[in-house]
Amino acid sequence: MSITSSSTLDSQLTTVWSPTHSYPDGPLVMSGYPSRTWQHESQPQFWSKFQVWEWLQQVMDIHQIDASSIPLQNFDMDGHQLCSLSYQDFLRAAGSVGPILFHSITELKWSGRSVRPTPIFFSLIISEIYEPTVNTLAPDATPVSSSPDIKRSFSRGHQVKKHNPRGTHLWEFIRDILLNPERNPGLIKWEDRTEGVFRFLKSEAVAQLWGKKKNNSSMTYEKLSRAMRYYYKREILERVDGRRLVYKFGRNARGWRETEK
DNA sequence: CGAGACTTTCCTGATT
DNA sequence: TAATCAGGAAAGTCTC
């Protein structure tokens, strides 16, 4: 690692992780389940919009729900607003995923400090969604199976992925940053929205963020870009010749189009 | 355990 | 010169 390369990264991160974002990102203790992905120390009432977004992504990751399953713009709010949402609000905003989010935030509100989501409860909800005949939900939850909204969205293919190691794929991670510009502090931007062309503005910062997600502090743009190049063959991305840091979504990339939902 | 998907890591060489 | 791009090769990490 040369001095110049690290200072490049520093300058990118300084811009990205401005003082409003504080992430206790010290040495992570690898002790199983979500501890490594659950780093919100403060109460959700005091979260920034960006922290709300992170919480959202983490809950989705933990349950291997594709982020495009819900309109993320419905959660363009800070922690205070988030905490004031009712169960019905969550249903409206996130459909079938609403109950999962509602329970997560309820737990966090009650505990006041970092608490892990309860996977058993969630698996109950998930199985309830898949097998509506079963009726064994926690007492405080609205009967999930009775919601037509849930049935509709889950029959649409919003299901847990079969093979999705470590939750989100790289291209989905990139896509989700693009789709949330208000929580994307100048990392990547659309060059041609309808064609799916985008450009990395802060390549090393994006790599750091990706590494953070994968719990890999040594991620670099060099390595991230190798993974991106593998997407060409699978037509998840198309080559954009002659333009540095520019990529284009391919025919096998889903969920990035404005009209697609 | 094995296979396969999806990276991650490393590398050599070319291009901007 | 540094940053980026191109891919080959092989290892690592998951899920099924």
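Numbered from 1 within each chain, the chains take letters A, B, ... in sequence-line order.
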**Student:** Just to be sure I understand the rule, does A:Phe200 reach a base, reach only the sugar-phosphate, or reach nothing, if contact means heavy atoms closer than 4.0 Å?
**Tutor:**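 No contact at all - A:Phe200 keeps every heavy atom at 4.0 Å or more from the nucleic acid.
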**Student:** May I have the distance from A:Leu237 (atom CG) to B:dC6 (atom C1'), rounded to whole angstrom?
**Tutor:**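 That distance rounds to 14 Å.
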**Student:** For the residue pair A:Tyr232 and A:Tyr247, categorise the inter-ring angle as parallel (less than 30°), tilted (30 to 60°) or perpendicular (more than 60°).
**Tutor:**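 Judged by the thresholds at 30° and 60°, the geometry between A:Tyr232 and A:Tyr247 is parallel.
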**Student:** For every nucleotide of nucleotides 11-16 of chain B, 5' to 3': is a protein heavy atom under 4.0 Å from its base (B), only from its sugar-phosphate (S), or from neither (-)?
**Tutor:** ----BB
**Student:** Take the protein atom CD1 of A:Ile236 and the nucleotide atom P of B:dT7, then report the distance between them rounded to whole Å.
**Tutor:**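 One finds 7 Å between P of B:dT7 and CD1 of A:Ile236, rounded.
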**Student:** Could you state the OH-C1' distance from A:Tyr232 to C:dT4, rounded to the nearest angstrom?
**Tutor:**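 That distance rounds to 11 Å.
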**Student:** Which residue is it: A:Leu91, A:Leu82, A:Thr106, A:Val59? I am looking for the one with a side-chain contact (heavy atoms from CB on, under 4.5 Å) to A:Leu101.
**Tutor:**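 With A:Leu101 as partner, A:Leu91, A:Leu82, A:Thr106, A:Val59 yield a single side-chain contact (heavy atoms from CB on, under 4.5 Å), made by A:Val59.
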**Student:** Remember a base hit wins even if backbone is also touched, and classify A:Leu245 as base, sugar-phosphate or nothing at under 4.0 Å, heavy atoms.
**Tutor:**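 Here A:Leu245 touches the backbone only, sparing every base.
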**Student:** Whether the side chain of A:Tyr230 and the base of C:dA9 hold a donor-acceptor pair under 3.5 Å is what I'd like checked.
**Tutor:**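 Such a pair exists between side chain and base.
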**Student:** How is A:Tyr247 classified with respect to the nucleic acid when contacts are heavy atoms under 4.0 Å: base, sugar-phosphate, or nothing?
**Tutor:**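 Since only primed, P, OP1 and OP2 atoms lie under 4.0 Å of A:Tyr247, the category is sugar-phosphate.
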**Student:** Can you hop from A:Leu201 to A:Leu224 via hydrophobic side chains spaced under 4.5 Å?
**Tutor:**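 In one cluster with A:Leu201: A:Leu224, no.
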**Student:** For the pair A:Lys223 (side chain) and A:Ala207 (backbone), establish whether a donor and an acceptor sit closer than 3.5 Å, ignoring hydrogens and angles.
**Tutor:**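 Flag not set: sc A:Lys223 to bb A:Ala207 has no pair under 3.5 Å.
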**Student:** Looking at B:dT8, I'd like to know if its phosphate oxygens (OP1 or OP2) sit under 4.0 Å from a side-chain N or O belonging to A:Ser218.
**Tutor:**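 The answer is no; no side-chain N or O of A:Ser218 sits under 4.0 Å from OP1 or OP2.
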**Student:** Tell me the interatomic distance from A:Glu172, atom CD, to B:dC6, atom P, rounded to whole angstroms.
**Tutor:**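 Rounded to whole Å, this separation is 10 Å.
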**Student:** Tell me the interatomic distance from A:Leu224, atom CG, to B:dT8, atom C1', rounded to whole angstroms.
**Tutor:**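 The distance from CG of A:Leu224 to C1' of B:dT8 comes to 11 Å, rounded to the nearest Å.
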**Student:** Are OP1 or OP2 of C:dA3 and a side-chain N or O of A:Ser203 less than 4.0 angstrom apart?
**Tutor:**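 False: A:Ser203 side-chain N/O out of range (4.0 Å or more) of C:dA3 OP1/OP2.
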**Student:** Are OP1 or OP2 of B:dT7 and a side-chain N or O of A:Lys223 less than 4.0 angstrom apart?
**Tutor:**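 Answer is no, no contact under 4.0 Å.
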**Student:** Heavy atoms from C-beta onward define the side chain here; which of C:dC5, B:dT9, B:dC6 lies closest to that of A:Met219?
**Tutor:**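 The answer is B:dT9, which lies nearest to the side chain.
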**Student:** Does any N or O in the side chain of A:Ser225 come within less than 3.5 Å of the main-chain N or O of A:Met228, such that one atom is a donor and the other an acceptor?
**Tutor:**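 Pair absent, no side-chain N/O of A:Ser225 close to backbone of A:Met228.
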**Student:** Does A:Gly250 offer a backbone N or O that forms a donor-acceptor pair with the side chain of A:Glu238 under 3.5 Å?
**Tutor:**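 Such a contact is absent between A:Glu238 side chain and A:Gly250 backbone.
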**Student:** Could you check A:Arg234 against A:Thr220 and say which one's nearest nucleotide on DNA chain B is further toward the 5' end?
**Tutor:**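 Per heavy-atom nearest nucleotide, the more 5' residue is A:Arg234.
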**Student:** So, A:Arg175 side chain and A:Arg254 main chain: donor-acceptor pair closer than 3.5 Å or not?
**Tutor:**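 Present.
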**Student:** C:dA6 C1' sits how many Å from A:Met228 CE, rounded?
**Tutor:**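 So the two atoms are 14 Å apart, to the nearest Å.
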**Student:** Is the distance from OP1 or OP2 of B:dT7 to the nearest side-chain N or O of A:Trp171 less than 4.0 Å?
**Tutor:**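 No, no such contact exists.
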**Student:** Provide, to the nearest angstrom, the distance between the OH atom belonging to A:Tyr231 and the P atom belonging to B:dT8.
**Tutor:**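 Going from A:Tyr231 (OH) to B:dT8 (P), I get 8 Å.
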**Student:** Judged by atom type as modelled, is there a donor-acceptor pair below 3.5 Å linking the side chain of A:Asn252 to the main-chain atoms of A:Arg234?
**Tutor:**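 Present.
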**Student:** When you measure from the side-chain N and O atoms of A:Asn216 to the phosphate of C:dT13, is any distance below 4.0 Å, counting only OP1 and OP2?
**Tutor:**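 No, because none of the side-chain N or O atoms of A:Asn216 sits under 4.0 Å from OP1 or OP2 of C:dT13.
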**Student:** Just how far, in rounded Å, is P of C:dC14 from NE2 of A:His169?
**Tutor:**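 Computing the A:His169:NE2 to C:dC14:P distance gives 13 Å.
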